[in-house]
Amino acid sequence: VDFIMKNKSVLDAMKKYVEVTLDSTPLDLLVIGTASSTDESTGEVCNFIQLIVEVPRGYEALSRCQFKVKIPNGVLKVTNKELDDSEYFVTFKDLVISYVDSKGNVYFRASDYDVTIVN
């Protein structure tokens, strides 16, 4: 039983696969906005950009999956008005799964992002 504890879990392997597959991959940008949260222990307010994205077709089981990504202290690089007028791809830098809750909801975080207009 001790050897199992030293190896990574299936969940760890799945998380790593998703992170590696989606990091720097152009994803469809659906919604973007600013938000903030308060750290319950310190009372410190953290501002962030939140994006809702969708994986395009061609990524097998991940195709058409939608998820939210937080960019702590990020800068808004496109507005929802611009998003209404044109389609955009977004790529993330240092995309990681920050948390998986007991209901199976997956939370993502990245250090930065870039947006490009779809021609």
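Every heavy atom of this structure was used, including side-chain atoms; hydrogens, water molecules and symmetry mates were not.
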**Q.** Any residue meeting ring-ring contact (aromatic ring centres under 6.0 Å, His included) with Y88, in chain and number order, not counting sequence neighbours
**A.** none
Q.
With heavy-atom distances below 4.5 Å as the criterion, would you say the side chains of F48 and N73 are in contact?
A. no
Q. Does one hydrophobic cluster hold both V78 and F89, with members joined at side-chain heavy-atom distances below 4.5 Å?
A. no
Q: Heavy atoms only: give me the nearest G58-S63 pair and the separation to one decimal.
A: N-OG, 3.2 Å
Q) At their closest point, which heavy atom of D94 faces which heavy atom of S111, and how far apart are they? A) OD2-OG, 2.6 Å
Q. Backbone N or O of G43 within a donor-acceptor pair of the D39 side chain at under 3.5 Å?
A. no
Q | Student check: side-chain heavy atoms of I52 and F67 closer than 4.5 Å | A | no
Q: Indicate yes or no for a side-chain donor-acceptor contact from S36 to the backbone of C46 under 3.5 Å, with no hydrogens or angles considered.
A: no
Q.
By the salt bridge (charged side-chain N to carboxylate O under 4.0 Å, His left out) test, which pairs, at least two apart or in different chains, include something from residues 106-119?
A. K77-D112, K77-D114, K93-D114
(Q) With rounding to the nearest 0.5 angstrom, report the CG to OH distance, N105 to Y99. (A) 9.5 Å
Q. I97 and V100: which non-hydrogen atoms are nearest, and at how many Å?
A. CG2-CG2, 3.8 Å
Q. How far apart are the C-alpha atoms of V31 and L51, what are their side-chain angles, what is the distance that settles it, and do they pass the side chain to side chain contact (heavy atoms under 4.5 Å, CB included) test?
A. CA-CA 6 Å; V31 178; L51 305 94; over 6 Å; no
**Q.** Full working for side chain to side chain contact (heavy atoms under 4.5 Å, CB included) between L95 and Y113
**A.** CA-CA 9 Å; L95 183 71; Y113 70 106; over 6 Å; no
Q.
Under a 3.5 Å distance rule, please check whether T42 uses its side chain to pair with a backbone N or O of E44 as donor and acceptor.
A. yes
